[in-house]
There are 2 protein chains.
Amino acid sequence: MQTATLAHVARLAAVSENTVSRVIRNKGPIAEETRRRVLAAIEQLGYLPNRAAGALASSSSLIIGVLLPSLSNIVFPEVLRGIHAGLADTLYQPMIGVTDYDLDQEQRLLASLLAWQPAAIITTGFEHTQASRRMLANARVRVAELMDIDARPIDVAVGLSHRSAGVATARHLVSRGYRRIGYVGHDWTADRRAALRYEGLCQGLQEAGLSLVAEQRFDGPSSTLAGRDTLARLVEGDASVDAVAFSNDDMAVGGFMHCLAAGIAVPGRLALFGFNGLEIGQVLPKPLATIRSNRFLIGRVAVEKLLESGERSAEPQVIDTGFEIVAGATA
Amino acid sequence: MQTATLAHVARLAAVSENTVSRVIRNKGPIAEETRRRVLAAIEQLGYLPNRAAGALASSSSLIIGVLLPSLSNIVFPEVLRGIHAGLADTLYQPMIGVTDYDLDQEQRLLASLLAWQPAAIITTGFEHTQASRRMLANARVRVAELMDIDARPIDVAVGLSHRSAGVATARHLVSRGYRRIGYVGHDWTADRRAALRYEGLCQGLQEAGLSLVAEQRFDGPSSTLAGRDTLARLVEGDASVDAVAFSNDDMAVGGFMHCLAAGIAVPGRLALFGFNGLEIGQVLPKPLATIRSNRFLIGRVAVEKLLESGERSAEPQVIDTGFEIVAGATA
DNA sequence: GCGGTATATGTTAGCGCTGAGATCGGAACG
DNA sequence: CGTTCCGATCTCAGCGCTAACATATACCGC
C-alpha cells in the first residue's frame with residue numbers, strides 16, 4: 001500500500017526506524033534474526049521506500065541522468081539499451097533528456113536533472129556550454145561523456161576514436177585498390193563525430209597521396225532517404241568516382257538503394273562504405289562494407305565505470321571501446 | 001550553486017520561503033514587484049529547486065514513469081520520442097524502464113517507479129500482473145496504456161486497433177487481386193499486438209472466403225534478418241503463394257531482400273505487405289506496401305492526455321490514433 | 001574483574017520544500 | 001465609520017527518510 005512508511009514497518013517488526021532503514025540499505029551490522037523480522041514486516045505491509053524522502057535525507061539519489069542528442073538516430077537508443085543493461089539488477093533508474101543536438105537545451109535539461117541530485121550524469125560528446133561545465137563541476141556527481149574519445153573528458157569518456165575510424169576507412173578503401181574516392185555525408189554542424197571521421201578519412205587518403213575526388217553533402221540529419229538522394233546527386237555530377245565513403249550506415253544503405261534502382265553495379269562500378277555496422281546494412285543483398293562501432297557496449301561500460309566508485313578519480317579516464325572493419329561485399 | 005536553497009533566496013529577496021515557493025510554482029496571488037524581486041534573487045544565486053524535497057513535501061513529483069517492452073525494436077524509441085515531444089516545455093521528466101516483454105520485470109520496475117511518486121505512468125499493452133494492477137490502482141497516478149486499443153484500459157488507452165489493421169491488410173490484398181496469401185511472422189508470445197493483427201488478417205480473408213495458404217514463423221523477435229530467412233523458408237516450402245503479409249516492416253524488408261537476392265520479382269511473382277510504415281521500407285527500390293502506425297503521435301498524445309488533468313475520469317478513455325494503408329509498390 | 005573492542009540497536013535532528021491556516025493592510029459597501 | 005472581503009504575505013508543522021552519535025550487550029585477554 002502506497003501509504004506504508006518506515007515507521008509502520010518499524011512498529012510491526014518491533015525495532016527502530018533506523019534499523020529498518022539499515023536492513024533495507026544493507027548497511028551496518030544486523031542480526032540475522034532481526035533482518036528476518038524486518039523483511040517479513042516489509043513483505044506483509046507491501047512497503048515501498050519513498051525515494052524522494054531518501055534522496056532528500058541523504059542528498060543523493062539513485063537516479064542516473066542521461067542526456068542524448070536524439071532518439072531518431074538508431075545509434076542512441078542502442079546506447080540507451082546498453083545503459084539499461086548496465087543498470088539492470090541495480091536500484092538505479094535512468095532519467096533521460098533529449099537535447100536535439102542543442103547545447104543550450106542540454107544545459108537546461110542538465111539543470112533539471114541535477115535538481116534530482118542524481119548519482120551520475122551520462123552525456124554525449126565533449127561540447128558543452130560554459131554553464132553546463134560549471135554545473136557539472138559544482139555538483140559532485142560522476143560524469144561520463146560517451147561516443148567519442150578524441151578529447152580530454154571531464155571525468156570519464158567511453159567511446160571510440162572517430163578520427164581513427166576515418167583513417168581506417170581510407171586505408172581500407174585504398175588497400176582494396178580504389179583510387180577515385182568520393183564522400184557522401186549529412187549536415188555535421190551538430191554531429192561533430194561525423195566531422196571527425198571525415199577529417200580522418202582525408203588524412204588517411206593523404207597518407208596514400210590521394211584526396212577526395214568528389215563530395216556531396218545533404219543539408220540535414222542523416223537518413224536512408226538522404227543517402228539515396230545525395231548519392232544520386234554525386235554520381236550525376238561526377239561519374240568517375242569508383243568508391244564512396246558515407247558519413248554513416250543510414251546514408252550508405254540509402255546509397256545502395258539508389259544503385260539498385262539506377263542499375264549501378266556494386267562494387268564493380270561503385271564501391272560503398274558506411275559507418276556503424278547496423279543490422280540493416282548486413283541484410284542487403286550484398287552486406288555493406290562498414291565499421292562496427294560498439295554502441296551497446298559504450299552504454300554498458302559507461303554505467304559500469306560510473307557505478308564502480310562514487311568519486312571521480314584524480315585524472316580523467318578514457319575508455320576505448322574500439323571499432324572493427326566489417327569487410328562486407330560492397331567494397 | 002548546488003547549495004542555494006529556498007531559504008537563501010527568501011533571505012535575499014526579503015520575503016518568506018513560502019512566497020518564493022509560490023513564485024516558482026506560479027501558485028496563488030503574487031504582487032508583480034515581489035515576483036520580480038524573487039526572480040532576481042533566484043537568478044543571482046543560481047538557485048535550483050531540490051526536486052526531492054518538493055516531491056516529499058507535496059507527495060507528488062514531476063516524474064513520468066515510462067515502461068517500454070524493448071528498445072531494440074525501433075517502434076518504441078519512436079514512441080519515446082513522442083513522449084519527449086509532449087513533455088518538452090514542461091517541467092516533467094520521463095523515467096524509463098525496459099521490461100523485455102516480461103510482466104514480472106514490469107511489475108518490479110513499476111514498483112521502483114512508483115517509489116518516486118510519479119505524476120503518471122505510461123506503459124504498453126493491457127497485460128499486467130495482478131500485483132501491477134493493484135499497485136496502479138492504489139497509487140493515485142494517471143495511467144496510460146499505449147499501442148493497443150483492443151481492450152478496456154485502466155485509465156487511458158492510446159493507440160490503434162491492431163485487429164482492424166489486420167483486417168485492412170487482408171482486404172487490401174484481396175482487392176488487389178491476390179488470392180493465395182501467405183504469412184511470415186515472428187514469435188508473438190510476447191508481442192500480443194502481432195497476434196491481434198494476425199487474427200484480423202485471418203478474419204479479413206475469411207470475409208472474402210479465403211484463408212492463409214501458407215505460413216512460416218520465426219522463433220524469436222522480429223528483425224530484417226529473420227524476415228529474410230523466414231520468407232526464404234516459406235517460398236521454399238510452397239511456391240504457389242502470390243502475396244505475403246509480414247508481421248511487421250522489419251520482417252517485410254528482410255523478405256524484400258530475399259527476393260532481391262533470389263531474383264523473385266516483386267510484386268509480379270510475389271507481393272509483400274508489412275506493418276508500421278518505417279522509413280526503411282519506403283526507401284527500397286520499390287516502396288513497401290504497408291500500414292502506417294503513428295508511433296510518435298501515440299507517445300505525444302498520451303502525454304498530452306495525461307497532463308490534461310491530474311485525476312482519472314470516471315470512465316476509462318480510449319484514443320484511437322488510427323492507421324493508414326501505404327499502397328507502396330510491392331503489392 | 002576491568003578496560004578494550006565488536007556487534008547490534010536506539011535517539012535525535014534535520015534534509016528543503018509545501019500546504020493549511022493565520023495575519024494584515026486597504027478597498028468596497030451599507 | 002464599522003464591517004466585510006480580498007489580495008498578498010507569513011508562520012509553522014510536517015513529508016519519510018538518513019546520518020551521526022549515543023547506548024547496550026557480549027566477548028576478549030590479561
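Within every chain, numbering begins at 1; the chains are lettered A, B, ... in the order of the sequence lines, protein sequences first and strands thereafter. Keep in mind that what you see is a predicted model, and the values were worked out from it rather than measured.
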For B:A14 and A:N50, take the nucleotide of DNA chain D holding the closest heavy atom to each; which residue's nucleotide lies nearer the 5' end? B:A14
Scan side-chain atoms only and decide if B:H128 and B:E106 contain a donor-acceptor pair under the 3.5 Å cut-off. yes
Nearest to side-chain heavy atoms of A:E17, which nucleotide of C:dG10, D:dC17, C:dC17: D:dC17
Nearest whole Å is fine: how far is C:dG10 C1' from A:L6 CG? 14 Å
Check the distance between D:dT9's P and B:R37's CZ and give it to me in whole angstrom. 8 Å
Residue A:A31, side-chain atoms from C-beta onward, closest of C:dA8, D:dT9, C:dG16: C:dA8
Atom CD in B:E78, atom CG in B:N294: separation rounded to 0.5 Å? 10.5 Å
Which of the following nucleotides, C:dT9, C:dC17, D:dC17, is nearest to the side chain of A:T34? C:dT9
Under 3.5 Å: donor-acceptor pair, side chain of A:R193, backbone of A:W188: no
When the distance from CG of B:L56 to C1' of D:dG14 is rounded to whole Å, what number comes out? 9 Å
Looking at the side chain of A:S16, which of C:dT11, C:dA8, C:dG16 is the nearest nucleotide? C:dT11
If you only use heavy atoms from C-beta on, which nucleotide in D:dC17, C:dG10, C:dC17 is closest to the side chain of A:T19? C:dG10
Nearest whole Å is fine: how far is D:dG16 C1' from A:L48 CG? 13 Å
Whole-Å distance, A:I24 CD1 to D:dG16 P, equals 14 Å
Considering only heavy atoms from C-beta outward, does the side chain of A:E315 approach that of A:R152 to under 4.5 Å? yes
So, is B:R51 close to the C:dG16 phosphate, meaning a side-chain N or O under 4.0 Å from OP1 or OP2? no
Measure from the side chain of B:N18, starting at C-beta and using heavy atoms only, and say which of D:dC15, C:dA8, D:dC10 lies closest. D:dC10
Against the side chain of A:R25, the closest entry in D:dA19, D:dC10, C:dT9 is D:dA19
Euclidean distance, atom CD1 of residue A:I30 to atom P of D:dT18 [Å, nearest integer]: 13 Å
Whole-Å distance, B:R11 CZ to D:dC10 C1', equals 16 Å
For the side chain of A:S21, counting heavy atoms from C-beta on, which of C:dT18, D:dT18, D:dT9 is nearest? D:dT18
Map B:S59 and B:P29 onto DNA chain D by nearest heavy atom, then report which one ends up closer to the 5' terminus. B:P29
